Trainee: 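I'd like to ask you about the structure that follows.
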Amino acid sequence: MVRQNSPECTATTLHLLAMVTMLCDHMGLTLFPGLLWMRCVGRIAFPIFAFLLVEGYFHTRSLPRYALRLLLFALLSEIPFDLMVSGRIYAPWSQNVLWTLLMGLGLIFLLEQVKQVKNLWLRLLGVGFSVLLAAILGEILSADYGSAGLFTILVFYCFRGRQWYHFLGQFLGLAYIHTRLLSSHILILPVAGLTVSLPMQALAVLALIPLWLYRGNSGHKSKALRTVYYFFYPAHMFILSLLRVILHP
């Protein structure tokens, strides 16, 4: 039983935290490339978005409308994303993270259908095919985080819950994905008089701290706030790209 005064994160808190850390990351990418700590803070954002996507799947009133919103804002965000990462209006080698989330939503839907299959071997085959398809699409479409992003979503889907083995699965899954499957800057950290090398992407596991404080409370809900969640992504990338041109011509 949870105590009344124990700390808790609502879905609203998680959304805001993901937005702030993503903004910090993108500011480090565009305006302050010398401040590596900003990119480090940004590692927290994607796992939170992946977690919220899984929760969104199981709580949405209309899955088609949820998918349509992701699709529309993925299209709307592509030019701002390309401007931010490459300075070009069109960069075919990299797509924004909403495509990753949209494919993750499709993967969850596919796996939920596979779970209804009664034959065990067909069910296992369906799971394997679904995961392989997602991994291939993630790489072919060059979506942000690629197949590793889809596997992150899959970790939160497979280990959805609050038992100790759910937490362990989430930790081990994220630790492996974000240290082995994603290349990143290597941080050299002094620890107790020793020098420790750590992939910057490994800091993504810190996202588990606020995620484990989430207990299903949605927090403040409104259509206006949901609109802010979606429009923030393309808007902040466009503004940062514009500021980079002005401040670093």
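Heavy-atom basis, side chains included; hydrogens, waters and symmetry copies ignored. Just so it is clear, the model here is predicted, and its values are computed rather than measured.
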Trainee: Heavy-atom count check: over 12 atoms from other residues, nucleotides or ligands less than 6.0 Å from F171 CZ?
Mentor: no
Trainee: What distance do T12 atom OG1 and R226 atom CZ have between them, rounded to the nearest 0.5 Å?
Mentor: 12.5 Å
Trainee: When you group the ILVMFWY residues by side-chain heavy-atom contacts below 4.5 Å and let the links chain together, are L133 and V117 in the same group?
Mentor: no
Trainee: What's the separation between atom CZ in F46 and atom CG in L53, rounded to the nearest 0.5 Å?
Mentor: 8.5 Å
Trainee: Does any non-hydrogen side-chain atom of L75 lie less than 4.5 Å from one of L98?
Mentor: no
Trainee: Taking C-beta and beyond as the side chain, do L150 and L154 meet within less than 4.5 Å on heavy atoms?
Mentor: no
Trainee: For the CZ atom on F238, are there more than 12 heavy atoms of other groups (residues, nucleotides or ligands in this structure) within a distance under 6.0 Å?
Mentor: no
Trainee: Does any non-hydrogen side-chain atom of L83 lie less than 4.5 Å from one of M237?
Mentor: no
Trainee: So which heavy atom on G161 is nearest to which on F167, and how close?
Mentor: O-CE2, 4.0 Å
Trainee: Please examine the side chains of D82 and R88, heavy atoms only from C-beta on, and report whether any two atoms are closer than 4.5 Å.
Mentor: no
Trainee: Within the supplied structure, the quantity of interest is the number of heavy atoms (other residues, nucleotides, ligands) at a distance under 6.0 Å from I89 CD1; does it exceed 12?
Mentor: no
Trainee: Mind running side chain to side chain contact (heavy atoms under 4.5 Å, CB included) on W37 and V41 for me, showing each step along the way?
Mentor: CA-CA 6 Å; W37 69 265; V41 170; 3.9 Å; yes
Trainee: Do P199 and I186 touch side chain to side chain, with heavy atoms closer than 4.5 Å?
Mentor: yes
Trainee: Hey, does the side chain of R123 reach the backbone of Q116 with a donor-acceptor pair shorter than 3.5 angstrom?
Mentor: no
Trainee: Kindly indicate whether the side chain of L208, heavy atoms from C-beta on, has any atom under 4.5 Å from the side chain of L211.
Mentor: yes
Trainee: Would you kindly confirm whether M19 and L243 end up in one hydrophobic cluster when ILVMFWY residues are joined by side chain heavy atoms under 4.5 Å apart?
Mentor: yes
Trainee: Is the gap between the ring centers of Y157 and Y57 under 6.0 Å?
Mentor: no
Trainee: Going by atom type alone, with no hydrogens or angles, which donor-acceptor pairs under 3.5 Å involve a side-chain atom of residues 134-144 and a protein atom two or more places apart or on another chain?
Mentor:
{"residue": "E139", "atom": "OE2", "partner": "S147", "partner atom": "N", "Å": "2.9"}
{"residue": "E139", "atom": "OE2", "partner": "S147", "partner atom": "OG", "Å": "2.8"}
{"residue": "S142", "atom": "OG", "partner": "W93", "partner atom": "O", "Å": "3.4"}

Trainee: Using the rule that Ile, Leu, Val, Met, Phe, Trp and Tyr join whenever any side-chain heavy atoms are under 4.5 Å apart, tell me whether V54 and L168 fall into a single cluster.
Mentor: yes
Trainee: By salt bridge (charged side-chain N to carboxylate O under 4.0 Å, His left out), which residues pair with R244, not counting sequence neighbours?
Mentor: none
Trainee: Does T13 form a side chain to side chain contact (heavy atoms under 4.5 Å, CB included) with L213? I'd like the steps, not just the answer.
Mentor: CA-CA 10 Å; T13 305; L213 294 175; over 6 Å; no
Trainee: Between C9 and L14, which heavy-atom pair has the shortest distance, and what is it?
Mentor: CB-CD2, 4.2 Å
Trainee: A quick test of your reading: do over 12 heavy atoms of other residues, nucleotides or ligands sit less than 6.0 Å from CZ of F129?
Mentor: no
Trainee: Please check if the side chain of S77 supplies one atom and the backbone of A74 the other of a donor-acceptor pair under 3.5 Å.
Mentor: no
Trainee: After noting the C-alpha distance and the side-chain angles of L225 and H15, does the key distance pass the side chain to side chain contact (heavy atoms under 4.5 Å, CB included) rule?
Mentor: CA-CA 10 Å; L225 189 58; H15 269 111; over 6 Å; no
Trainee: Could you report the tightest heavy-atom contact between A67 and L102, atom names first, then the distance?
Mentor: O-CD1, 3.6 Å
Trainee: Would you indicate whether the side-chain heavy atoms of L181 and F151 approach each other to under 4.5 Å?
Mentor: yes
Trainee: When rounded to the nearest 0.5 angstrom, what is the spacing between CH2 in W99 and OG in S94?
Mentor: 13.0 Å
Trainee: Which pair of heavy atoms, one from L36 and one from L187, lies closest together, and at what distance?
Mentor: CD2-CD2, 3.5 Å
Trainee: Measuring only between side-chain heavy atoms, which start at C-beta, is D25 closer than 4.5 Å to R43?
Mentor: yes
Trainee: Find out if a path of hydrophobic residues (ILVMFWY) with successive side-chain heavy-atom gaps under 4.5 Å connects I79 to M22.
Mentor: no
Trainee: Any sub-3.5 Å donor-acceptor pair from Q170's side-chain atoms to F156's backbone N or O?
Mentor: no
Trainee: Could you pull out all residues at least two apart from H236 that satisfy side-chain hydrogen bond (donor to acceptor under 3.5 Å, both in side chains)?
Mentor: H26
Trainee: Test T179 against V205 for side chain to side chain contact (heavy atoms under 4.5 Å, CB included), laying out the working first.
Mentor: CA-CA 10 Å; T179 58; V205 298; over 6 Å; no
Trainee: Measure from the ring center of Y233 to the ring center of F73 and say whether it is less than 6.0 Å.
Mentor: no
Trainee: Please report the closest heavy-atom contact between S86 and A91, naming both atoms and the distance.
Mentor: OG-CB, 3.6 Å
Trainee: Output the distance between atom NE2 (H178) and atom CG (L203), rounded to the nearest 0.5 Å.
Mentor: 11.0 Å
Trainee: Is R162 reaching over with its side chain to a backbone N or O of Y214, donor-acceptor style, under 3.5 angstrom?
Mentor: yes
Trainee: Please report the interatomic distance CG(L70) to CE(M103), rounded to the nearest 0.5 Å.
Mentor: 11.5 Å
Trainee: Has E55 got a side-chain atom pairing as donor or acceptor with F51's backbone, closer than 3.5 angstrom?
Mentor: no
Trainee: Roughly how far, to the nearest 0.5 Å, is CD of E112 from CG of L63?
Mentor: 10.0 Å
Trainee: Look only at the side chain of N217 and the backbone of T10, and say whether a donor-acceptor pair between them is shorter than 3.5 Å.
Mentor: no
Trainee: In terms of hydrophobic clusters joined by side-chain contacts under 4.5 Å, are L122 and F109 together?
Mentor: no
Trainee: For P80 and S241, work out which heavy atoms get closest and say how close.
Mentor: O-OG, 4.0 Å
